[in-house]
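Below is one structure, written out as structure tokens, with a few remarks after it.
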Amino acid sequence: MIQTALREIRRGTAEIIDEARLETLLKNFFEKGETYTVKAGFDPTAPDLHLGHTVLLQKLAAFQKFGGRIQFLIGDFTAQIGDPTGKSETRKKLLPAQIQENAHSYKSQVFKILDPEKTTVVFNADWINPLGAAGMLELTTTYNVARMLERDDFDKRHKAGISISISEFLYPLLQGYDSVHLKSDIEIGGTDQKFNLLMGRHLQRVYEIGKEQSVLMMPILEGLDGVQKMSKSLGNYIAVADEPNEMFGKILSISDTLMWRYYELLSTQTLDAIEALKAGVENGSLHPKKVKESLALEITTRFHSEEAALAAQEEFERVHAQSEIPSEMDEFTLEGPIWIAKALVDCALSPSTSQARREIKQGSVKIDQNKLSDEQYQLEAGEYILQVGKRKFARLKVTQ
RNA sequence: GGUGAGAUACUCAAGUGGCCAACGAGGGCAGACUGUAAAUCUGCUGAUUUUUAUCUUCGAAGGUUCGAAUCCUUCUCUCACCA
């Protein structure tokens, strides 16, 4: 039992520091029913969670199954500093009302994965503000500049002559102090957080709280392209709030290699079950598309519902596998007769008439499922279904 | 503060008076192939119903010239080295 738990906890992790202690915690849970705390920090900025973020959340959920109590920390104080990312951009200060609102929307998204019964949401301004100048000063005496510069990001910037604000040094210290205050047993975060996570151990030792947290680091999830990390700015993400059809389609569009990665980091299937799937694909008894579909179903179900996921699958089959038109699409009404290229622009299927012309020339434009080759084509009054490429559709009503 | 280098389309990057709507690469879009995969191959990738044409674009504004991304002037910004 404990071995299975350990395997699940280890699953997908990039690195675990002080694994022995982690084992002890699990052992105490299984043998004596003792619980322990697992801390994870989040920004109070508007949560637009994508699957990359949920990797961490899934791991927290796994801990909840094995006696972990989650300390879901919202860094409302530390957000004022901004974690050093090399971009050295001073953050906008968030108003308390905004932070509350963001925290609220966090909860609605996060509790789709986490068990609220075993989760405590905390705000670090609650204990950092009372520290005062004296407490803050004391905190700074626990570390020195040379060691601070060991942090990869600081080191690079320092060597490159890029400015590092003194306040940025406080970020790791405060994050570490959070662990002191919360007496966390374990802290988890992305691999990019290593320095900050280790600071928690250091400060717990300095402040003599009688334990040093284990640290568990999760890798950064690759985006849809399979190369770069999933992020909103790169546009290769699947948002938790994505519509079922979109979510399903996006997951099915990832490569087979990436699919296994997603299985490991995102699925709640056991490792044994995943191994079985892999074996099935390898010996040819299982079609990779089927495997990908069940992943898409699982994830879409998690964030929406089983009905929505099944509906998305059906829709997907209809539109793509059998190249039929989707059941829902944007509708437009235009005055006719209208030149086809103009209509494509007005229906937002093409960005410009030049582009629309090219698309017609390339044979990617279809009217009512029929390929159009005449770029001078005029649409008379009537109703049409316009299509550009495989996935852009619009229903157009032309009036006289 | 001083000296030097640079700013070209989504990104990187060629181009130093006409052959430039601007090489090439990446990205994106489309077509073929497929499992809407991936990989591969092909085409397109400033705008415009003048489409073997016209107009606008190479940090900004002026200027020289029949003609400027390319030359000159001023300005703005970025980077490097020195202090």
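Just so it is clear, the model here is predicted, and its values are computed rather than measured. Here is the naming used below: chain letters follow the sequence lines, and residue numbers restart at 1 for every chain.
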Gap between atom [atom2] of [Y] and atom [atom1] of [X] - 0.5 Å precision:
| X | Y | atom1 | atom2 | answer |
| --- | --- | --- | --- | --- |
| Glu138(A) | Leu173(A) | CD | CG | 12.0 Å |
| Thr13(A) | Glu19(A) | OG1 | CD | 7.5 Å |
| Leu216(A) | Glu187(A) | CG | CD | 10.5 Å |
| Phe248(A) | Leu297(A) | CZ | CG | 5.0 Å |

For [N] versus [M], give the span between their [atom1] atoms, rounded off to a whole number of Å.
| N | M | atom1 | value |
| --- | --- | --- | --- |
| G26(B) | G35(B) | C1' | 27 Å |
| G15(B) | C20(B) | P | 15 Å |
| C71(B) | U78(B) | P | 23 Å |
| A60(B) | U52(B) | C1' | 35 Å |
| U64(B) | G17(B) | C1' | 11 Å |
| A83(B) | C72(B) | C1' | 33 Å |
| A7(B) | C58(B) | P | 14 Å |
| A22(B) | U49(B) | C1' | 25 Å |

Just name whichever nucleotide pairs with [N], Watson-Crick or G-U, keeping both distances under 3.5 Å, else none.
| N | answer |
| --- | --- |
| U54(B) | A47(B) |
| U64(B) | none |
| A9(B) | none |
| U70(B) | none |
| G35(B) | none |
| G17(B) | none |
| C23(B) | none |
| G4(B) | C79(B) |

RNA chain B: 5'-proximal contact among Ser253(A) and Lys371(A) (nearest heavy atom):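 The residue closer to the strand's 5' end, by nearest nucleotide, is Lys371(A).
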Check: protein-nucleotides 24-29 of chain B nitrogen or oxygen pairs below 3.5 Å:
none

So what does Ile254(A) hit on the nucleic acid, given a heavy-atom distance under 4.0 Å: a base, only sugar-phosphate, or nothing? sugar-phosphate
Side chains of Phe42(A) and Val110(A), heavy atoms from C-beta outward: is any pair under 4.5 Å?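 The answer is no, as the side chains (C-beta and beyond) never meet within the 4.5 Å cut-off.
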Under a 4.5 Å cut-off applied to non-hydrogen side-chain atoms, are Leu344(A) and Val365(A) in contact? yes
Would you tell me if any nitrogen or oxygen in the side chain of Arg358(A) comes within less than 4.0 Å of OP1 or OP2 on G31(B)? no
OP1, OP2 of A47(B) versus side-chain N and O of Ser352(A): anything below 4.0 Å?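 For A47(B), OP1 or OP2 has a side-chain N or O of Ser352(A) closer than 4.0 Å.
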Just the rounded figure in Å: distance from [atom2] of [N] to [atom1] of [X].
| X | N | atom1 | atom2 | result |
| --- | --- | --- | --- | --- |
| Lys292(A) | A38(B) | NZ | C1' | 7 Å |
| Leu344(A) | A30(B) | CG | P | 13 Å |
| Glu222(A) | A38(B) | CD | P | 17 Å |

Could I get the full list of side chain to side chain donor-acceptor pair (under 3.5 Å) partners for Thr119(A), not counting sequence neighbours?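 Partners of Thr119(A) by the side chain to side chain donor-acceptor pair (under 3.5 Å) criterion, ordered by chain and then number, come out as Gln64(A).
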Heavy-atom nearest pair, Thr268(A) first then Gln58(A), reads CG2-NE2, 3.8 Å
Reading 5' to 3' through nucleotides 49-58 of chain B, protein heavy-atom contacts under 4.0 Å coded B for base, S for sugar-phosphate only, - for none: B-B-------
Should Tyr171(A) and Val215(A) be counted in the same cluster of Ile, Leu, Val, Met, Phe, Trp and Tyr side chains packed under 4.5 Å apart?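 Different hydrophobic clusters.
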Is the count of non-hydrogen atoms from other residues, nucleotides or ligands lying under 6.0 Å from Lys112(A) atom NZ greater than 12?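 Yes - once you tally the heavy atoms of other residues, nucleotides and ligands closer than 6.0 Å, there are more than 12.
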Just compare C33(B), G35(B), U45(B) and give me whichever is closest to any side-chain atom of His287(A).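 From the listed options, G35(B) comes nearest.
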Look at Glu317(A) together with Lys289(A) and state whether they make a salt bridge at an N to O cut-off of under 4.0 Å. yes
